[in-house]
Every structure is written in C-alpha cells, then in structure tokens.
Amino acid sequence: MYKIVISFFLFISPVLLKANDGYKLWLQYLPFENIAVADYYRDYLENITLLGNSPTHEVIRKELGISITGFFEGRTTPNISSDNTNSGLIWIAKAEDLPESFRNLLGERLNEINDEGYLIKYIQGKILVTSNSDFGLLYGTFALLKNIQTRGKLEGLDILENPKIKLRLLNHWDNLNRTVERGYAGFSIWNWHRLPHHIDQQYIDYARANASIGINGASVTNVNANALVLTPEYLEKAAALADAFRPYGIKIYLTARFNAPMMLDNLPTADPLDPRVQAWWKKKAEEIYSYIPDFGGFLVKADSEGQPGPHNYSRTQADGANTLADAVKPYGGIVMWRAFVYNEKTPTDRIKQAYDEFKPLDGKFRDNVIVQVKNGPLDFQPRELFHPLFGAMPNTPLMMEFQVTKEYLGQESHWVNLASMWEEILQSDTYAKGKGSTVSKVLDGSLHQYNLTGMAGVSNIGTDRNWTGHHTGQADWYAFGKLAWNPESNVGEITEDWLKMTFSNDPDFVNSAKNISLKSYETLVNYMTPLGLHHIMARSHHWGPGPWVTGGGRDDWTATYYHRADKNAIGFDRTENGSNALGQYAPEWKKVWGDPETTPLEFLLWFHRVSWNQKLSTGNTLWDEMAMRYQQGVEGARWMANEWAKLEGKIDQERYSHISSFLNIQVKEAEWWRDSCLLYFGQFSGRPLPKGVEKPKHDLEYYLNFKRNFVPGI
Ligand code: GCW
C-alpha cells in the first residue's frame, strides 16, 4: 500500500489534471498534495473506530469512506471498525457508546455538549469525536473532516461546539412546476413528478452538504404558496423527501397558503378566528403528521404582495399565526411567520410598515411561533440597515431571513461574498438593552431569552451542475450554514476554509482568492447603490439598473419613490422632518443618523435628502462623491478580474475559466450600472463628471431602451 501511494504522488499532480464541474461543492476531499502530508494523516485515517448503529451512523461510515477515497485517490481501502476493543486512533461514538475509560478521560467536558453539539478531543494519542446525539456525531465527523481538508493539525485538537441557533434552515422559493422564484441556477432540484418513487442522488448530496455545515431544516416550497402542496398527492412526495433527509438531521417544512381551507375544501372563509377554519387546520396538521411524523412546521407569507392573510378578515398577524400554531402544537411543530408585510395602500413609508404592524403584537404570539424578519426593512438590497424589529421584540422570538440567492446583487454572474454583508448586519447594535445588544445576540436568544431561535437563508440552489450558477455562490451557501450555527463566526476564516476545501490548499491561491472575495461586497455596493441609494434596479426581473423606473400600479415598486432625485437634491428624508423611519431605532442611533453630518456615508441617502452641491466629509460634493464611487466600483470589478487571472494554473482549468468568464460579465455589468446611474442622475445634478470618472459608453436613451427577454427568476 505504502509504495503504491508513493509512486502515485511522485508522478501525478492530481488537482490540476482533473476537470472539475464543482458538483462536489466543499466536499471535494482533494488528494493530499505530497507524501509528507499523506503520511501525516494516514495512520489516523486507516485506524478508525465508529461505534453505534443508526441510519445516521451509516451516513457517517459512508462519508468517511468517500473522504478517505478522495484523500488517497482510491489507493487505500477505508477500514472502519465497529469493535470497541479495537486499537483505533480515531474514535467516533456518542458519549453513551464510548468505553468507560474514555468517558472518564473526558470527564466534565461531556456535560458541556448539548443536543446537537460535539466534542473533538485529542487524548493519549487518539482523537475522540463524541456527542449526545446521532446528529451531533455527524456534525463532529464533518468538523474533523474539515480539519483534515484544510490540513489542520490533529495533535492537540480540542473543539467543543454547540450550535448557537436552533433552527438553521434553507428556504426554497421553488414552485411545484420546478421554476424557482428568484432562482438563477436552473430549475428546482425537487422533481415532484418523479417523487415519491424516485429519490435522486442530488437529494442525498444536498442533505450531505447541508449536514456538513449544520443546516437542519428545509422549507421546500415557495412562500408565494400553492395550496396543492398540502394535498395527499404532494404530501406523499414531501414525505419521501423527508425520509431521504432524516438520517442527515434535516427536517422538512412546508409553506402554507393562508386561504388553503377555501382553496382545497371550499370553506366560505379563511378567517383565523372562525372555528371551522381552526378545525380545518387541525385536521390538516393531523394529516400531514400521518405522512411526516417529524414534520417541522409551516412557513407563511401573508398579507404581502398579493398573498392572502389575516388582513382579509380584519385580524392581526398574531391571530393568523396562532391558529396555525395551535394546529401543529400537539406534534411539536412550529410556525415561522414572515414579517415581510406591506401594502401599497398604506400611505406610510414602506420601510416602516412591518415594524408598525408587528411591534404592537409583541408577546401576543403562541410559544411555537417565531417571526421571520428580513435582514433589512426594505427588501434584500445591496446595503440596508438592520431591520428595526430586531431591536423591538423582547417578548417574541425573531429569526433572521437572509437572501442567499442574489436577486438584487448581480444574480448568478457576480462574485460577491454575501457573508461580508451578513456580518455587517449581525454585528449591528440594536441597543435594545444598552450597548452590545447586537442583532446576533437577539438571534441566538441570549439577549431576550427566546425559547425558539432561528436563521433562514433563501436558497440559491438549482439544477445547474455546480448547484449555484456561479461557483462562488457555493461560498454563500456554505457561509450561511456557518453563520446560522454561530452568528459570531469569523467571516475571514469561513471564506478561507471554503476556498481550501473547494479548490486548493495552495497558500498563494488561498490568499489571493480570499482577498478578492473579501473586497467583493464593497465593490458591488459601489457600482450598484453607493451612499445609501436603494431600490434603483430594473422592474420586475430586478436584473440591472433602473433608477428611472417610475409609475405603474405600485409606487412602492418604483425607483423614484426611493431616490426622489430632482434638480436640487437626492435621497429620502427619513428623519423627524420626513417619514421618521428613524424613529423606529434606538435613541443612540437617532443621534447619529438624525444628522447628515454624523450619518456614515454608506447610509447618507437612506436617511437624508442632500443637495447635489453639498460638501461631504471626504471634501467632495455629493455629486462628485457619487460619481467617484461608481467609478471605484467598476475599477474594483476590473481588479477582481485581473487578480483572478493571475491564478490560472493554480486550480483546475474548468472552474478557473468558468469564474473568469463570469468576472468578465461582472465588469461589463458594473460599467452598465455606473453609466446608467450617472447619466440618469446627471440629468438632475446638471454637473459634469469629475476627473477620473470615465465617460459613459452610450447615451441615456440607449440604457433606457435596453431590454432583455426571459430574464430568469420570475
Ligand atoms: O424580494 C421580493 C421578491 C419576491 C419575493 C418577496 C418575498 C417570494 O422580489 O419575488 O417573493 O421578496 O420575500 O416574499
């Protein structure tokens, strides 16, 4: 065995030769790069003891097999013993299954592991991976494999990890006909027509990938919901998915259309306080649990963008949520009720409406309801402030909704490290209980002692061979899982780990790619929405710029509603003199954001109307600063493409070229954003472009008339 491995490593450079379509995500288990590295891990990986028996143990056994085959390029046969008198160097077992001698060695530390947590400890020349549950053991195994994938040391390992958040979910906006709302990576991976009989390998690989980053739930259908999913025809299919996911610790959730009682059974009403409606939901819950005994619960979008809801019956969001919550309660189910409620008929500033509606309901929800709040008060814009509800609901568990699919951030073809944006939100201080009341502390329940905690990510996954369209979209999926496990995780480390596991451990590659990645977010904000601009994208498909979007049925879906540009000024006054959205934040923030002088430039036009000639802290006028930032964004995108070009040959050609080609698109689209926005806003400012800002390639007319058919995602 030893000799074969040596000759193999001497003659082949395995990473570069192999075409790689990215399907394996961060679970590449790339071959050890040289003999020394292989030798270091070999003894351990050839001597594994796995104790216990369950479908999850089978998953663990398989994963170890896949990884060892990958690390040694199939040149060693994984030999995993289940004999507890064995002399294994890696021991993987729940605490209750460990030999007593090991339990004694671990002592008190065992008590620190919670339900889903794990401990990896190097002790007397052996590595012990242990937990209290099968899923904890699976997470621990993946953590050990991550350590090897990133070429970490084994001696001295001492990692105790408990997830800080209980519900760690992907939300798929997937329709039953397999289109994906705001999906840019092909069609839905759920092939409902072939279910329940055919379980595609992709479902299993999806579950593996999720388990490897700690995701423990999936809501598989669009929040713009089709009631059909609650009928026996589809419940049987959903049950088959749930069965496939179960060993990986992933529960299934469904979206509930609020008027399902009317649509499916002709009830005359969906009033949540009507006893017939309540009885209907109870019966429906009973039926669902007969198919899926561990069904997670419902996710609901109500009273928003055409979805029915309690407003139709003059009831509150709490009335609606509680009726569904009572129905699933006997089975341990929960309701995730979205706070994305707004209406064009409400005259108030759109970004104030969710707070106005939910704040008075604080404490009025059942204990198995959690309110799901988008990161910002508008709608997943490239840069938003944190949602004011995070500072306002001490008595109602709130969960975060991030959008992993990049509806407003370049869709599939832009490289933007979303974790940077999420970190900014998670670290924001709400001041709900004084300084240090960060959004992450609200979410993990430590600030208000929530009984339920959660984080959801709107999935960017589709049938594309690499799952996410852009290879770097995989990083966003990965980072979402990591931040849901621990919202205080370090984004630099997450990015680095992902690069190593996905592409290569070559430090030159990792350092440069990490640098590109960490600069990508600010770059994108600069070429799309600098200085606090927001909602200036094209109508409907939301791809590309559309600062001119105006009129039509809904004012709150236009760009002019938000930027309000005219000859004198630009921006939305949200201070006391304007809509007073500012009033929804803590007094500490009112002081900072109430004055344009002290408002960080990132949020200037979010809160203030500022005249074009106003001198800013940078010494530039507002107009000049805006133009320069657009230019910087374009230069940033070019820099990203150039830096990437230097990495050719350091990873497989297939993924290298794919990313290069997308970077070229990104540069062009960055120019498109800059040129369109500066031409459009320039009409109002009436001022020339400052030095260093390139002249637009076309005139405004050209951009106004630039149309594309069949943009994906609607
Ligand atoms: O961002 C908007 C999207 C809609 C989406 C909605 C929501 C599912 O444009 O496509 O609908 O948000 O979050 O409900």
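Whatever order the structure lists ligands and atoms in, that order sets their numbers, starting from 1.
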**Prompt:** Taking atom types as modelled, is there a side-chain donor on Asp367 or Asn451 under 3.5 Å from an acceptor on the other?
**Reply:** no
Could you list the donor-acceptor pairs under 3.5 angstrom formed between side-chain atoms of residues 390-404 and any protein atom two or more places apart in sequence or on another chain?
from   : atom 1 : to     : atom 2 : distance (Å)
Asn395 : ND2    : Asp362 : OD2    : 3.4
Thr396 : OG1    : Asp362 : OD1    : 2.6
Thr396 : OG1    : Gly363 : N      : 2.8
Glu401 : OE1    : Arg338 : NE     : 3.0
Glu401 : OE1    : Arg338 : NH2    : 3.4
Glu401 : OE1    : Gln372 : NE2    : 2.6
Glu401 : OE2    : Arg338 : NH2    : 2.6
Gln403 : NE2    : Glu407 : OE1    : 2.8

**Neighbour list for ligand 1 [protein residues, heavy atom under 4.0 Å]** = Trp173, Glu181, Arg182, Asn222, Val223, Asn224, Lys301, Glu305, Arg338, Phe340, Lys374, Asp379, Glu407, Tyr408, His542
**Request:** Would you mind reporting whether Tyr703 and Pro545 have side-chain heavy atoms less than 4.5 Å apart?
**Result:** no
**Prompt:** Below 4.5 Å, heavy atoms only, C-beta onward: do Leu378 and Tyr562 meet side chain to side chain?
**Reply:**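 Yes, at least one pair of side-chain atoms sits under 4.5 Å.
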**Message:** ring-ring contact (aromatic ring centres under 6.0 Å, His included), that's the test. Do Tyr630 and Trp673 meet it? Break it down for me.
**Reply:** CA-CA 8 Å; Tyr630 272 112; Trp673 271 91; 7.8 Å; no
**Prompt:** Can you tell me if Glu669 uses its side chain to pair, donor with acceptor, with the backbone of His414 under 3.5 Å?
**Reply:**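 Side chain of Glu669 to backbone of His414, a donor-acceptor pair under 3.5 Å: no, none is there.
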